[in-house]
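Below is one structure, written out as structure tokens, with a few remarks after it.
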Amino acid sequence: MKYFTSKTTDRSYEQAIADVTELLKEEGFGVLTEIDVKETLKKKLDVDFKKYKILGACNPNFAHQALQAEDKIGVMLPCNVIVEEHEDGTVEVSAVDPVASMQAVDNDKLQPIAEQVRANLKKVINKL
């Protein structure tokens with residue numbers, strides 16, 4: 001099973017970040033964390049890397065449902081969305097597939113929650 005969904009966009013890197021953040025809000029997600037991988041790798045390892053940002057997105061309603069069903073599920077939260085610029089200048093946005101992630105957890109109550117989160121994240125990616 002593929003563990004993510006993604007789409008290449010004609011938007012600039014910065015515009016893709018702004019647009020995906022707004023689309024996530026429309027689906028009830030807030031961005032809790034932003035990790036600039038390019039900046040971090042330069043600072044920590046003094047290596048050059050492509051533009052690559054990890055957005056830690058959370059939908060409080062779904063997170064609450066998941067935590068009620070499985071109290072250790074917090075180790076798999078938030079849902080990560082990445083925006084990366086490839087060498088050829090194209091920008092790709094990818095989101096985790098929570099259904100794939102939840103296969104590691106033996107709890108049937110999580111399946112419908114993961115499926116709804118997957119559907120919402122796919123909507124975000126498809127609107128780009």
Inset, instruction - Could you list who else is in Ile54's hydrophobic cluster, with ILVMFWY side chains joined at under 4.5 Å, directly or through other members? - result: Ile35, Val37, Leu41, Leu45, Val47, Phe49, Tyr52, Ile82

Inset, instruction - Kindly write out the residues that satisfy side-chain hydrogen bond (donor to acceptor under 3.5 Å, both in side chains) with Gln111, not counting sequence neighbours, or none if the list is empty. - result: Glu115

Legend entry - Residues in side-chain hydrogen bond (donor to acceptor under 3.5 Å, both in side chains) contact with Asp46, at least two apart in sequence or another chain: Lys42

Legend entry - Neighbour count >12 (heavy atoms, 6.0 Å) for atom CG, Asn126: yes

Inset, instruction - Drop me the distance from Lys123's NZ to Leu128's CG, to the nearest 0.5 angstrom. - result: 14.5 Å

Legend entry - Nearest heavy-atom neighbours spanning Cys79 and Val117: SG-CG1, 3.8 Å

Inset, instruction - Just jot down the side chain to side chain contact (heavy atoms under 4.5 Å, CB included) partners of Ala16, sequence neighbours excluded, or say none. - result: Thr9, Arg11, Val83, Val91, Val93

Legend entry - More than 12 heavy atoms from other groups under 6.0 Å of NZ on Lys109: no

Inset, instruction - Please report the C-alpha distance between Leu110 and Ile73 in whole Å, then the side-chain angles of each, then the deciding distance to 0.1 Å, and finally whether the side-chain contact (heavy atoms from CB on, under 4.5 Å) criterion is met. - result: CA-CA 9 Å; Leu110 290 172; Ile73 204 65; 3.8 Å; yes

Legend entry - Lys72 side, atom NZ; Asn107 side, atom CG - distance, nearest 0.5 Å: 12.5 Å

Inset, instruction - Return yes when atom NZ of Lys38 has more than 12 non-hydrogen atoms of other residues, nucleotides or ligands closer than 6.0 Å, and no otherwise. - result: yes

Inset, instruction - Identify the heavy atoms of Leu121 and Pro98 that sit nearest to each other, and give their distance. - result: CD1-CD, 4.3 Å

Inset, instruction - To the nearest 0.5 Å, tell me how far Tyr3 OH sits from Ser94 OG. - result: 8.5 Å

Legend entry - Same apolar cluster (I L V M F W Y, side chains within < 4.5 Å links), Val75/Leu32: no

Inset, instruction - Please name the pair of heavy atoms, one in Val96 and one in Ser101, separated by the smallest distance, quoted to 0.1 Å. - result: CG2-OG, 3.7 Å

Inset, instruction - Apply the side-chain contact (heavy atoms from CB on, under 4.5 Å) test between Lys53 and each candidate in Glu85, Glu34, Glu14; give the one that qualifies. - result: Glu34

Inset, instruction - Quick one: closest heavy-atom pair of Lys2 and Asp97, and the distance? - result: O-OD2, 3.7 Å

Inset, instruction - Please list, chain by chain and in numerical order, all residues satisfying side chain to side chain contact (heavy atoms under 4.5 Å, CB included) with His86, sequence neighbours excluded. - result: Lys50, Glu84, Asp88, Thr90, Glu92

Side-chain donor/acceptor pairs under 3.5 Å, residues 20-31, sequence neighbours excluded:
| unit_1 | atom_1 | unit_2 | atom_2 | d |
| --- | --- | --- | --- | --- |
| Thr21 | OG1 | Ile17 | O | 2.7 |
| Glu27 | OE1 | Asn120 | ND2 | 3.2 |

Inset, instruction - Would you give the length of the straight line joining atom CG of Leu77 to atom CZ of Phe62, rounded to the nearest 0.5 angstrom? - result: 12.5 Å

Legend entry - Reported CD-to-CD1 distance for the pair Gln65 and Ile113, which is rounded to 0.5 angstrom: 5.0 Å

Inset, instruction - Taking all non-hydrogen atoms of both residues into account, name the closest pair between Pro60 and Cys58 and its distance. - result: CD-O, 3.6 Å

Legend entry - Rounded distance [0.5 Å steps], OG in Ser12 versus CG in Asp19: 8.0 Å

Legend entry - For the student: nearest non-hydrogen atoms of Ser6 and Ile125, plus distance: C-CG2, 3.8 Å

